[in-house]
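Here the structure is a predicted model, which is why all the values come from computation and not from measurement.
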Amino acid sequence: DLDASALLLGSNGKVRNDEDFVFYNQPRSPEGSVTHQGKSGTTDALLVDLDGMPAQIETVAVAASTDGTPFGQVTGLHLRLSDEAGAELVRFDITDASSETAFVFGELYRRQGAWKFRAVGQGWSTGLAGLAGDYGITVDDGPAAPPASQAPPPPPPAQSWQNAPPPAAPPQAPPSAGGGAINMNKQVRLDKQLAGQPPEMVNLVKKAGVSLEKKGLSEHRARVALCLDISASMTSLYKTGKVQQLCERILALAVQFDDDGACDVFTFGTGGYEEGPLDLRNHQGWVQNLINRRRLEGGTNYNLAMQSLRRHYFPDGNAGPRNSPRQDKLPVYVMFVTDGQTTDQAGTRNQIMWSSFEPIFWQFMAIGQSSKNVVPDGAPPPPKKKGFGARFAQMLNGDFQFLEELDDMQGRFLDNADFFSVKDPADIGDAQLYDLMMTEYPGWLQQAKQRGLIFG
């Protein structure tokens, strides 16, 4: 599991203070010129706004660290530098890594008023803390060890970093004056991410954390996705703000689970679409922005959303058939929300079957009535119906019999799905919702580790 990071350096080759270190626990520089974008598949990305860079910053060191696995065991290790449109400008392949667990891949630097890039390829065996300490960051782990090895930059490709001065060795700087030590544990990350958030969001994150702690998942890491129905039958739920409320509740789980504090959103109606991340920076008004750019549609197709999601996280399979385990460091927890039946049952069955060989868990939540309907905590159970009333209720429950079938589907590598339904998502309290979302996931997680879907 690789984590990208960046250090904003002054003319002396060191940070001004600890806030100039951008990584998973501190995903944004103070002025916003560098942000940690988080993971997409096997890529971890940083966004650098050169025009917005403070005048005192002359170099941005682009680095990465592992979870303890030596970089020498990572295949296909490389840095891509892309422009605003996504076109690749430079690719730097690291082919001589060995015992290092942190690397500075390259540097963006100012020269004669223009920004340029140079390859570096310098490694540390002491991980992210060792790298940060050598650039002047105060870390809780104490003083860092010197670099384990230094690989010379490769020959420059045509005009990529021609005539660039040689990279300076990282300074052995005293601790910065930026305040307390950088801490890399989860609670510090949460405190930083939630600073300035509305009290409602802070409380949601805390409630999600309580539910995870009860399940022994307080330190668990996972990627979180939301598959959201945009069929026209959902109109009232969108207009009344109930979808916005639900999205924020799912985001709170993502903040607990995912270092980048983001939930990847996929929508489905007649088609299937990838909507990008829902995160703590854009969650307010997110649903209104969604429906402003994407009309609610006249169909419901689970299969297309599932294809988009699998292609996003595991592009090597292109969302197609899979019949052997596909390993990954991080699992994907999917909250799948719908109020209706899919038009493509065969395709959906295939996606569930094929994805059982991938570290993906599908939590289906139907909005309506089913035999697995959840009664809000504290509410009396619905009266039992007899005769025609019972038969009529059974007929209404038929809308979600297919989802119940997926929950119990035979022949999968692992049971990778759970299902419940609610009459109205707003009637279910936050704590109850999080508990429902964690009913089967911990058991699946244990099996996924035992059977090799998740390593580390």
Can you tell me if Glu88 has over 12 outside heavy atoms packed within less than 6.0 Å of its CD? yes
Test your reading of the model: is there a side-chain donor-acceptor pair from Asn416 to the backbone of Ile352, 3.5 Å cut-off? yes
According to the interplanar angle, ranging from 0 to 90°, do the rings of Phe257 and Tyr441 count as parallel (below 30°), tilted (30 to 60°) or perpendicular (above 60°)? tilted
Sidechain-backbone polar pair: Glu274 side chain, Ser308 backbone, donor-acceptor under 3.5 Å: no
Indicate the ring-plane relationship of Phe413 and Phe357, choosing parallel, tilted or perpendicular according to the 30° and 60° boundaries. parallel
For the pair Ile57 and Arg16, evaluate side chain to side chain contact (heavy atoms under 4.5 Å, CB included) and give the outcome as yes or no after the intermediate values. CA-CA 9 Å; Ile57 300 302; Arg16 297 169 299 179; 3.6 Å; yes
Tell me whether Arg412 contacts the main-chain N or O of Met409 through its side chain, where contact means a donor paired with an acceptor under 3.5 Å. yes
Spacing of Leu47 atom CG and Gln37 atom CD [to the nearest 0.5 Å]: 4.5 Å
With no hydrogens and no angle check, do the side chains of Tyr313 and Asp264 hold a donor and an acceptor under 3.5 Å apart? yes
Does the ring of Tyr273 carry Arg294 above it, NZ/CZ under 6.0 angstrom from centre and within 45° of its axis? yes
Verdict with supporting geometry, Asp316 and Arg326, side chain to side chain contact (heavy atoms under 4.5 Å, CB included): CA-CA 10 Å; Asp316 57 300; Arg326 199 287 192 190; 3.0 Å; yes
Can you list the steps and then say if Leu2 with Leu77 is a side chain to side chain contact (heavy atoms under 4.5 Å, CB included)? CA-CA 10 Å; Leu2 306 185; Leu77 180 63; 3.8 Å; yes
Whether Asp93 side chain and Thr95 backbone form a donor-acceptor pair below 3.5 Å: no
Using the rule given for side chain to side chain contact (heavy atoms under 4.5 Å, CB included), can you reason through Glu31 versus Leu8, listing the C-alpha separation, both sets of side-chain angles and the distance that settles it, and then say yes or no? CA-CA 11 Å; Glu31 72 297 320; Leu8 283 67; 3.9 Å; yes
Look only at the side chain of Asp83 and the backbone of Gly86, and say whether a donor-acceptor pair between them is shorter than 3.5 Å. yes
Can you say whether the rings of Phe105 and Phe103 are parallel (under 30°), tilted (30 to 60°) or perpendicular (over 60°)? tilted
Closer than 3.5 angstrom, by distance alone: can the side chain of Gln256 be matched with the main-chain N or O of Leu212 as a donor-acceptor pair? no
Please indicate whether Arg293 has more than 12 foreign heavy atoms, meaning atoms of other residues, nucleotides or ligands, lying under 6.0 Å from its CZ. yes
Pair Glu107, Arg118 - check salt bridge (Lys or Arg N to Asp or Glu O under 4.0 Å), show working. CA-CA 5 Å; Glu107 294 176 343; Arg118 62 181 161 224; 2.8 Å; yes
Ignoring hydrogens and geometry, is there a side-chain-to-backbone donor-acceptor pair from Ser356 to Met353 under 3.5 Å? yes
Whether the side chain of Asn282 engages the backbone of Leu278 through a donor-acceptor N/O pair (distance < 3.5 Å, no angle test) should be reported. no
Within a reach of under 6.0 Å around CD of Gln327, are more than 12 heavy atoms found that belong to other residues, nucleotides or ligands? yes
Quick check against the 3.5 Å criterion: does Asp44 have a side-chain atom that pairs as donor or acceptor with the backbone of Ala4? yes
Candidates Phe266, Phe419, Phe268, Phe420 - the one meeting ring pair (Phe, Tyr, Trp, His ring centres under 6.0 Å) with Phe336: Phe268
